[in-house]
Structure formats: structure tokens, C-alpha cells
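Letters A, B, ... are given to chains in the order of the sequence lines, protein chains preceding strands, and every chain is numbered from 1.
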There are 2 protein chains.
Amino acid sequence: MNIYDIAKLSGVSIATVSRVVNGSEKVSEKTRSKVLDIIRQEGYTPNVFAQGLGIGTMHTVGILVPTISDQYMAKCVSYLEDQLTVHGYDCILSCSGFSIEGKEARTQMLLSKHIDALVFVGSTYSGSGESVEETDYIREAAKQAPVFIINGYVKGDNVFCRLCDDRTAMREAVGALLAHGRKDILFLTDSRSYSAREKTAGCIEALEGAGIPVRDEMFLHTENRIHAVRDYLLSINPVFDAAVATDDGIAIGAVKFAQEKGLSVPGDLCVIGYNNSSLAVACNPELTSIDSRAELLCRETIDNILAILHGDASIPACSIQPGRLISRKTTDF
Amino acid sequence: MNIYDIAKLSGVSIATVSRVVNGSEKVSEKTRSKVLDIIRQEGYTPNVFAQGLGIGTMHTVGILVPTISDQYMAKCVSYLEDQLTVHGYDCILSCSGFSIEGKEARTQMLLSKHIDALVFVGSTYSGSGESVEETDYIREAAKQAPVFIINGYVKGDNVFCRLCDDRTAMREAVGALLAHGRKDILFLTDSRSYSAREKTAGCIEALEGAGIPVRDEMFLHTENRIHAVRDYLLSINPVFDAAVATDDGIAIGAVKFAQEKGLSVPGDLCVIGYNNSSLAVACNPELTSIDSRAELLCRETIDNILAILHGDASIPACSIQPGRLISRKTTDF
DNA sequence: TAAAGGAATGTAAGTGCTTACATTCTCAGT
DNA sequence: ACTGAGAATGTAAGCACTTACATTCCTTTA
């Protein structure tokens with residue numbers, strides 16, 4: 001069942017059928033309804049390949065994410081997918097893993113599908129210095145389609161970053177801990193992403209602002225699995241009265257460590273997580289966490305994608321939203 | 001940069017270039033390497049639309065999921081995506097929501113992309129009776145591409161179901177609670193999916209097996225949000241000494257309820273969740289949960305998809321894997 | 001050294017659509 | 001009734017591939 005069949009059955013030319021299908025104005029009402037009837041009756045769907053061949057696009061946006069088994073990423077993908085669909089775009093999702101090679105390969109795959117835009121979620125960065133060249137593939141990709149990065153930073157033409165101000169959020173969180181009398185802060189992360197670096201920087205700023213010497217032992221690198229974090233802490237047995245983590249899962253590991261050691265939370269140990277996921281509220285005591293505004297960033301991204309695909313060129317290369325501390329029971333403020 | 005350019009540059013015909021690109025045997029080594037050099041040098045990638053137009057497929061499988069903000073679904077999608085990519089298939093993901101209309105629309109969208117196979121994850125069912133007609137769209141889809149359903153049941157040609165034996169798992173779990181002296185079981189669910197029905201049936205079987213009268217109040221329908229469940233239970237204040245839920249999030253809501261009421265878990269109240277997600281281990285006390293074998297079902301599905309796409313027709317329409325109770329701290333066994 | 005036969009390569013006909021341009025229709029204005 | 005303009009429709013040329021079939025090129029082998 002192709003456009004020729006429909007044309008024949010409705011007694012018009014394929015051009016007219018095409019016009020009807022694409023909602024062109026230049027068709028008489030009578031013809032339109034006749035063709036539409038036949039189309040419905042025969043259950044005809046245009047062949048996307050042929051359409052794509054003709055016009056070079058498929059009304060599709062690619063979403064590239066390191067993993068979807070992460071609440072933050074899942075939330076973003078979910079929102080992006082939903083809204084893009086509402087606006088008539090289809091999504092191709094790809095989970096790249098965290099390696100550069102994986103990301104490059106998946107980026108290629110997505111580009112080969114002639115997507116109209118490409119969205120990276122998280123974990124991508126080109127900070128100052130050593131890692132810039134690792135993001136060249138993103139600048140390459142941006143030559144073929146506008147690239148949006150949610151919670152990552154890459155500089156380049158046609159590359160748009162939508163960020164949460166993790167540095168400030170973390171500075172303020174650590175500042176609050178210090179202001180409430182905590183002395184030994186432990187910073188826990190599982191990542192070397194742009195966002196993790198910003199958080200680290202924020203923590204250091206707060207420490208320095210309070211005149212506290214910054215020591216290496218205060219910064220721990222772990223997996224993002226609750227029990228792995230707990231066991232790691234048990235094994236090194238650090239002395240600390242407050243912990244901040246770059247993700248809720250890690251923070252809960254610290255809570256579990258405290259419980260294992262018989263420390264009270266938040267009495268002996270304050271804990272602050274990040275991303276305000278459902279884990280935070282599953283935990284007991286419920287976890288104070290920084291909301292990194294996934295939905296807000298995604299909403300902005302969607303608006304921008306639609307604008308740029310509709311020919312609006314005035315999209316800011318970068319925008320930053322403030323994070324938000326959600327106080328629960330693992331802090332005394 | 002298209003196949004004609006490459007042909008011209010390498011001094012051969014487009015047919016030969018096509019053969020090289022597709023790894024056909026019928027090309028001399030010399031020609032092959034020459035063409036390959038040019039292709040690499042020019043950075044040529046075949047146009048997927050033109051390829052698709054010619055051969056009618058794009059080496060893509062569609063994945064349809066109600067939502068990805070659910071750990072079970074996310075785990076499945078993650079695994080499917082990863083393995084399919086390893087085997088050279090691309091994935092198109094779509095989140096349909098839970099409504100029939102949403103699912104139908106997304107199914108159409110995916111089919112229009114000429115996918116080689118379609119995978120539904122969860123929430124889909126055609127049980128005995130009233131809901132069969134609602135799955136007609138799946139049988140329609142199966143005429144165009146093999147359909148796999150993970151944790152859902154639909155009968156039809158070219159429809160393959162990969163299930164966890166939720167009924168037995170739930171019967172055994174409730175049986176264990178009864179065997180350990182619990183008398184007032186509360187069953188909590190947020191869904192009317194095939195799998196939720198099976199779990200309900202299993203619970204009823206256990207109750208009947210123990211000669212306990214089955215009362216309506218034992219079966220509660222709630223949202224799947226921890227606080228919503230807790231608040232709901234607080235509002236109706238039911239009397240029970242054990243709860244089983246169709247998802248961990250719901251079960252944790254029951255734990256929170258107990259804590260709010262000053263009940264000890266598992267002393268006064270045993271709780272069993274479902275899906276063994278990371279929430280179970282974030283919870284305190286950690287949640288006993290039934291592992292519904294997402295990865296196993298997905299692995300099987302992948303094997304079957306590959307087999308069927310390679311022409312192997314001997315795929316069983318249905319297969320069932322046993323669930324697995326993971327004992328933690330919300331039960332006394 | 002020529003004929004045969006298989007390997008390598010080329011030719012051209014699809015594949016289903018979009019769209020610029022050409023043609024035909026319709027009807028208001030004369 | 002006749003023009004002419006604008007609306008409606010049709011024609012045909014891409015778009016970038018795959019592949020059946022035709023052709024050419026080597027080897028063998030007698």
C-alpha cells in the first residue's frame with residue numbers, strides 16, 4: 001500500500017495525495033476528504049524512508065545518555081521523550097555507557113539517522129584544560145545537528161548547555177553544615193563529570209570561605225551503590241561529622257555506615273545527598289538532598305529545541321539554574 | 001558525499017561500492033581495499049533512508065514502555081538497549097504512558113519506522129475475558145513485526161511473552177507470612193496489569209490454601225509513591241500484621257506507615273515488596289522483596305529476537321521464570 | 001590458441017516519497 | 001461568451017541506495 005495505490009483509488013495524482021498527507025493548503029476540501037477517506041479505509045502510512053530520502057529529515061531527535069538505570073537520567077529521558085512526542089518529534093534513545101568510545105560510537109549512530117537535534121544528558125564536559133579534546137566529537141556532531149547538553153558543559157558552535165548551578169548549591173550546602181557547627185566534612189562522589197567537578201569546587205569554596213584547610217582525605221571516590229559505599233566507609237573508617245555526596249545513592253551509603261557504627265543521624269552525622277530522587281524519601285531517616293532541577297532544565301531544553309527547529313536562532317549557548325536544598329531528616333537544618 | 005562520489009573517486013561503479021559497504025563476497029581484494037580507503041578518507045556514511053527504502057528495514061527494534069521512571073522498566077530498557085546494540089541493532093524507545101490510546105499511538109509510530117521487532121515491557125495484558133479486545137492493536141502490530149512482551153500476556157500469532165511467575169512467587173510469599181503466624185495480610189497494588197492480577201491471584205490462593213476468608217478490605221489500590229501510600233494508610237488506618245505490595249515503592253510506604261504509628265517492623269508488621277529495586281536497600285529496615293528477574297527475562301528476549309530475525313522459527317510463544325524472594329529486614333524469615 | 005566458464009564489475013530498474021514547474025480548471029469581471 | 005488570474009491538480013525529476021541481470025575480464029584446459 002503506497003502513495004500510488006492511494007492515488008489510484010482516490011482518482012488523483014500522487015502529488016495531491018502527498019499534499020493531503022502533509023496538510024498542504026493547496027487542496028480543495030472535496031479532494032482532501034475523499035483522499036483522507038481512502039487513506040483511513042486502507043490504513044495507509046507513508047513510508048518514512050521515502051519521506052526521509054526526499055526531505056532529509058525524519059522529525060526525530062536523538063537522546064544520548066550514559067545509563068538509564070539512574071533516576072536523574074531516567075527522569076530527564078522521560079520528560080524529554082514525553083514532551084518531544086507531544087510536539088510531533090520521535091525519539092531515538094541510546095545508552096552509551098560512560099566511556100568516550102561508547103559516546104562517540106552512539107553519537108555516530110544517532111547522526112547517521114539524520115536526527116534533527118541531539119541531546120546529551122549528563123556526564124559530558126570539557127572543563128578547563130586537559131579534557132577539551134575529548135569532546136571534539138561533540139563539536140563535530142554539532143555541525144550536523146544542534147546539540148543540547150543537560151547538566152554538562154561543552155563549548156562550541158551549535159552546542160547549547162543547560163546547567164544546574166551545582167557549584168553554588170554545593171557551596172551553600174557545605175556552608176550551612178559549617179554554620180551549624182560541623183567541622184569534619186566528607187565529600188563523596190562516584191564521578192569525574194563536569195557536574196561532579198563543579199560540586200567539588202563548590203565544596204572547596206565553602207571550606208576555604210570558612211578558613212578550613214582543605215585536605216585530600218576529605219574527598220572520597222566511590223561506586224554509586226548503597227552497600228558498596230557503606231562497606232567502603234566501614235573499611236577506611238574515616239572520622240567525620242557531616243557528609244555531602246554527588247548523588248542520593250552515595251549519601252544513603254553514608255547513612256547506612258552511620259547506622260552500622262551506631263552513630264546517630266543527624267546528631268553525630270549530617271548527610272546531604274544530591275538529585276532529590278525517590279531514594280531520598282525511601283531512606284530512614286529521610287535524606288536531605290539538593291534538587292538539581294532536572295525537569296526545569298529539560299523543559300528549557302525542549303523549548304529551545306522547538307525554537308531552533310522552527311528557525312529561531314536566538315538561543316543562549318549556556319544557561320544556569322539554581323539548585324535547591326530540600327531539607328529532610330538527615331540534617332539539623 | 002554519496003555513493004556516486006565514492007564510486008567516481010575510486011574509479012568503480014556504485015554497485016561495487018555498495019558491495020564493499022555491505023561486505024559482499026563478490027569483490028576482489030584490490031578493489032575492496034581501494035574503495036575502503038576512499039570511504040574512510042572521505043568519511044562517507046551510507047544514507048540510512050536510501051538503504052531502508054531499498055531493503056525495507058533499518059536494523060532497528062522498537063521498545064515500548066509505559067514509563068521509564070520506574071526502576072523495573074528502566075532496568076529492562078537498559079539491558080535490552082545494551083544487548084541489542086552489541087548485536088548491531090539500534091533501538092527506538094517510546095514511553096507510552098499507561099493508557100490504551102497512548103500505547104496504540106506509540107505502537108503505530110514505531111511500526112511506521114519499519115522496525116524489525118517490537119518489545120513491550122510490562123503493563124500489557126489480555127487476561128480472560130473483558131480486556132482481550134483492548135490488545136487487538138498488539139495482534140495487528142504482530143502482523144508487521146514479531147512482538148515480544150516482557151512481563152505481560154497477550155495471545156496471538158507472532159506474539160511472544162516472557163513472564164515471571166508472579167502468581168507462584170506471591171502465593172509462596174504470602175504462604176510464608178501465614179506460616180510464620182501472620183493473620184491479617186494486606187495486599188497493596190497500584191496497577192491492574194496482567195502481572196498485578198497474577199500477584200493478586202497468588203495472594204488469594206495462599207489465603208484460601210490456609211483456610212483464611214478472603215475479604216475485600218485486604219486488597220488496597222494506591223498510588224506508587226511512598227508518601228502517598230503512607231498517608232493513605234494513615235487515613236484509613238487498617239489493622240494488619242503483614243503487607244505485601246506489587247512494587248517496592250508501595251511496600252516502603254507501608255513501612256513508613258508503621259514507623260509513623262510506632263509499630264515495629266518486622267515485629268508488629270512484616271512487609272514484602274516486589275521487584276527488588278534499589279529502593280529496597282535504601283529503606284531502613286531494608287526491605288524483603290521478590291525479585292522478578294527482569295534481567296533474565298530480557299536476556300531471554302534478546303536471544304529470541306536474534307534467533308527470530310536470523311530466521312529461526314522455533315521460539316516458544318510463552319515462557320515463565322520463577323520469581324525469587326530476597327529476604328532482608330522487614331520480615332522475620 | 002581458442003573456447004569455456006567462473007569471477008569481477010557495470011547497467012539500470014526499482015524503492016516511495018517531495019516538490020518545482022507545467023498544466024488545467026474555475027469563476028469573477030467584462 | 002470570453003479573458004485572465006488564481007486556485008487546484010498533474011508531471012516528472014530528484015533523493016541515495018540495492019540488486020537482478022548483463023557484460024567484461026581472467027584463467028583454465030584441451
Examine D/dT18: is either OP1 or OP2 under 4.0 Å from a nitrogen or oxygen in the side chain of B/Ser18? Give yes or no. yes
In a check of side-chain contact (heavy atoms from CB on, under 4.5 Å) between A/Leu297 and each of A/Ile302, A/Ile149, A/Ile150, A/Ile320, which one passes? A/Ile150
May I ask you to evaluate whether B/Gln51 reaches the phosphate of D/dA16, defined as a side-chain N or O under 4.0 Å from OP1 or OP2? no
Starting at the 5' end of DNA chain C, which residue's closest nucleotide do you reach first, B/Val12 or B/Leu53? B/Val12
Test applied, side-chain contact (heavy atoms from CB on, under 4.5 Å); reference residue, B/Ile6; option that passes from B/Val20, B/Leu36, B/Ile14, B/Val17: B/Val17
Nt span of DNA chain C in reach of chain A heavy atoms at under 4.0 Å, 5' end first, is C/dG16 to C/dA20
Does A/Asp116 reach the main-chain N or O of A/Thr60 with its side chain, forming a donor-acceptor pair under 3.5 Å? yes
Could you state the CG-P distance from A/Asn47 to D/dC15, rounded to the nearest angstrom? 18 Å
Distance-only, no hydrogens or angles: does the A/Arg293 side chain make a donor-acceptor pair with backbone N or O of A/Cys298 under 3.5 Å? no
Within the sub-3.5 Å range, which N or O atoms of nucleotides 4-8 of chain D have a protein N or O partner, and how far apart are they?
none

Taken to the nearest whole Å, NE2/B/His59 to P/D/dC17 is 18 Å
Please determine if A/Arg106 and B/Glu81 form a salt bridge, counting it only when a charged side-chain N lies under 4.0 Å from a carboxylate O. yes
Among A/Asn158, A/Leu64, A/Thr107, A/Val154, which residue satisfies the side-chain contact (heavy atoms from CB on, under 4.5 Å) criterion with A/Ile138? A/Val154
Considering only residues two or more places apart or on different chains, which pairs with a residue in residues 298-312 of chain B satisfy salt bridge (charged side-chain N to carboxylate O under 4.0 Å, His left out)? B/Arg162-B/Glu300, B/Glu295-B/Arg299
Taking the basic N atoms (NZ, or NE/NH1/NH2) and the acidic carboxylate oxygens, is any pair closer than 4.0 Å for B/Arg139 and B/Asp136? yes
Contact nearer the 5' end of DNA chain C, comparing A/Tyr44 with B/Thr16: B/Thr16
In whole angstroms, the gap separating C1' of D/dC15 from CG of B/Asp5 amounts to 13 Å
Atom CG of B/Asn22 to atom C1' of D/dT18: distance rounded to whole Å? 8 Å
Got a donor-acceptor contact below 3.5 angstrom from the A/Ser94 side chain to the A/Ser96 backbone? no
Heavy-atom donor-acceptor pair, B/Tyr4 side-chain to D/dC17 base, under 3.5 Å: yes
